[in-house]
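One structure is given below, encoded as structure tokens.
It should be emphasised that the depicted structure is a prediction, and the values quoted were computed from it without experimental measurement.
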Protein chains: 2
Amino acid sequence: MMSNSTDAYQQHDHHRCLKTALAQAKNRCIARKARLTPIRESVLHLLWQSHRPLGAYKIIDQLSEETGKRVLPPTVYRALDFLLELGLIHRLATLNAYIGCPFPDSAHSDCFLLCRECGSVAECSTANVNKSIASTAEQAGFLVESQTVEILGLCTPCQEKMPQPNKAKPIKPEADE
Amino acid sequence: MMSNSTDAYQQHDHHRCLKTALAQAKNRCIARKARLTPIRESVLHLLWQSHRPLGAYKIIDQLSEETGKRVLPPTVYRALDFLLELGLIHRLATLNAYIGCPFPDSAHSDCFLLCRECGSVAECSTANVNKSIASTAEQAGFLVESQTVEILGLCTPCQEKMPQPNKAKPIKPEADE
DNA sequence: GAATAAGTGTAATAATATAACAATCTTTAC
DNA sequence: GTAAAGATTGTTATATTATTACACTTATTC
């Protein structure tokens with residue numbers, strides 16, 4: 001399993017995450033003959049400020065403040081589209097928010113772990129989830145093209161910080177197969 | 001595996017789907033001492049017109065037309081919230097749209113198969129997917145509370161209708177009529 | 001039958017995202 | 001080097017999805 005969960009939820013050298021992400025982005029742009037313009041790089045940089053996803057309008061506000069001039073929605077949405085296209089970021093459908101991809105170089109189907117307490121999101125890529133989804137789809141005669149898997153819950157540090165022993169309810173059990 | 005994929009994608013006695021869904025809804029409301037008011041029932045009925053999800057504003061438009069008076073967003077969103085709360089419908093995060101639940105009576109975590117061609121959506125509940133997600137989360141020390149799994153692709157009939165592999169064409173909740 | 005709770009009506013607005021077209025900057029072709 | 005073509009950005013306007021706040025009505029309870 002590929003995952004950035006330890007980085008995402010704990011104290012770590014985040015500067016390294018940022019640096020790596022920007023380096024990978026540059027490489028990827030060169031490989032694809034695409035231009036990482038200042039706006040695009042700024043948006044990517046903002047998304048790598050932390051492991052918490054940002055909504056488009058948060059990006060707009062932060063970028064406006066950074067540059068001192070009013071940045072308008074299309075500017076940011078275009079940058080986001082570009083970064084999505086190159087696989088440098090992801091959009092989280094359940095949050096309407098965006099986050100940097102820690103593994104832009106490896107083709108992968110994603111599984112996101114969204115901590116409802118601290119807001120941080122880790123990305124995993126697991127053969128198991130993909131296999132089970134593929135097999136489920138196959139049983140239904142369905143041809144998979146893309147998949148969205150977003151898991152809401154609590155990361156380890158937030159579980160430990162929860163006062164109650166009944167920290168959180170697990171998901172409902174399965175009826176039958 | 002529990003799934004309504006054969007119904008969802010093929011010719012079938014849809015009247016039966018509708019009838020079952022409404023009957024289940026009534027039972028569930030009685031069990032929960034909740035009221036299936038005319039508005040709520042109308043919204044549920046609209047969502048069971050087909051196996052294609054409907055956006056909230058499509059529901060608003062259809063309900064306005066049905067009743068001859070302008071139905072406003074809060075009316076519909078309140079009905080949707082009620083139906084979601086009772087597990088009678090689901091919200092599809094990737095489409096911002098709503099769809100009737102074929103299995104309101106069995107506690108389940110859901111997996112949706114969204115056909116990008118015909119727009120129909122089937123719901124599956126599979127222990128395998130849940131197990132693989134649980135195991136992935138566990139490896140990351142993450143406590144799962146809820147999950148969103150939406151799979152985009154082609155249903156069997158649409159695969160057969162489409163020998164030419166067509167590329168990305170985003171599906172819409174419902175075609176305009 | 002009054003008190004309370006639940007549900008609905010209405011106006012306004014928030015939050016997220018896109019369309020359309022003009023202006024500018026980069027790259028390419030000559 | 002320069003003009004044409006293409007890519008990127010600026011700008012205005014608007015579409016789409018969802019919520020807040022408060023007034024009013026209907027149903028339930030005692």
Measuring from atom [atom1] of [X] to atom [atom2] of [Y], what distance do you get when rounded to the nearest 0.5 angstrom?
| X | Y | atom1 | atom2 | answer |
| --- | --- | --- | --- | --- |
| A/I60 | A/Y77 | CD1 | OH | 6.0 Å |
| B/K161 | B/C155 | NZ | SG | 6.5 Å |
| A/L152 | A/T94 | CG | OG1 | 7.0 Å |

May I ask you to verify if any side-chain N or O of [X] is less than 4.0 angstrom from the OP1 or OP2 atom of [N]?
| X | N | result |
| --- | --- | --- |
| B/R40 | C/dG7 | yes |
| B/T37 | C/dA6 | no |
| A/T75 | D/dT9 | no |

Starting from [atom2] on [N], measure out to [atom1] on [X] and report it in whole angstrom.
| X | N | atom1 | atom2 | answer |
| --- | --- | --- | --- | --- |
| B/I39 | C/dG9 | CD1 | C1' | 9 Å |
| B/L84 | D/dT19 | CG | P | 10 Å |
| B/K69 | C/dT10 | NZ | P | 6 Å |
| A/L86 | D/dT8 | CG | P | 10 Å |
| A/L72 | D/dT14 | CG | P | 15 Å |
| A/D81 | D/dT8 | CG | P | 12 Å |
| B/R35 | D/dT25 | CZ | P | 16 Å |
| A/L80 | C/dA15 | CG | P | 18 Å |

A/T156 (side chain) donor-acceptor with B/G141 (main chain) under 3.5 angstrom: yes
Compare the minimum distances between each of [options] and the side chain of [X], then state the nucleotide with the smallest one.
| X | options | value |
| --- | --- | --- |
| B/Y77 | D/dT20, C/dA17, D/dT17 | D/dT17 |
| B/P74 | C/dT10, C/dA19, D/dT28 | C/dT10 |
| A/N96 | C/dA17, C/dG7, C/dA11 | C/dA17 |

hbond_proxy B/R78 side chain to C/dG9 base (donor-acceptor, 3.5 Å cutoff): yes
D/dA18 base / B/Y57 side chain donor-acceptor hit below 3.5 Å: yes
Touch class at under 4.0 angstrom, heavy-atom based, for A/F82 against every strand present: nothing
Closest-nucleotide 5' rank along DNA chain C - winner of B/R70 and A/R91: B/R70
Parallel, tilted or perpendicular: ring planes of A/H12 versus A/H51, cut at 30 and 60 degrees: tilted
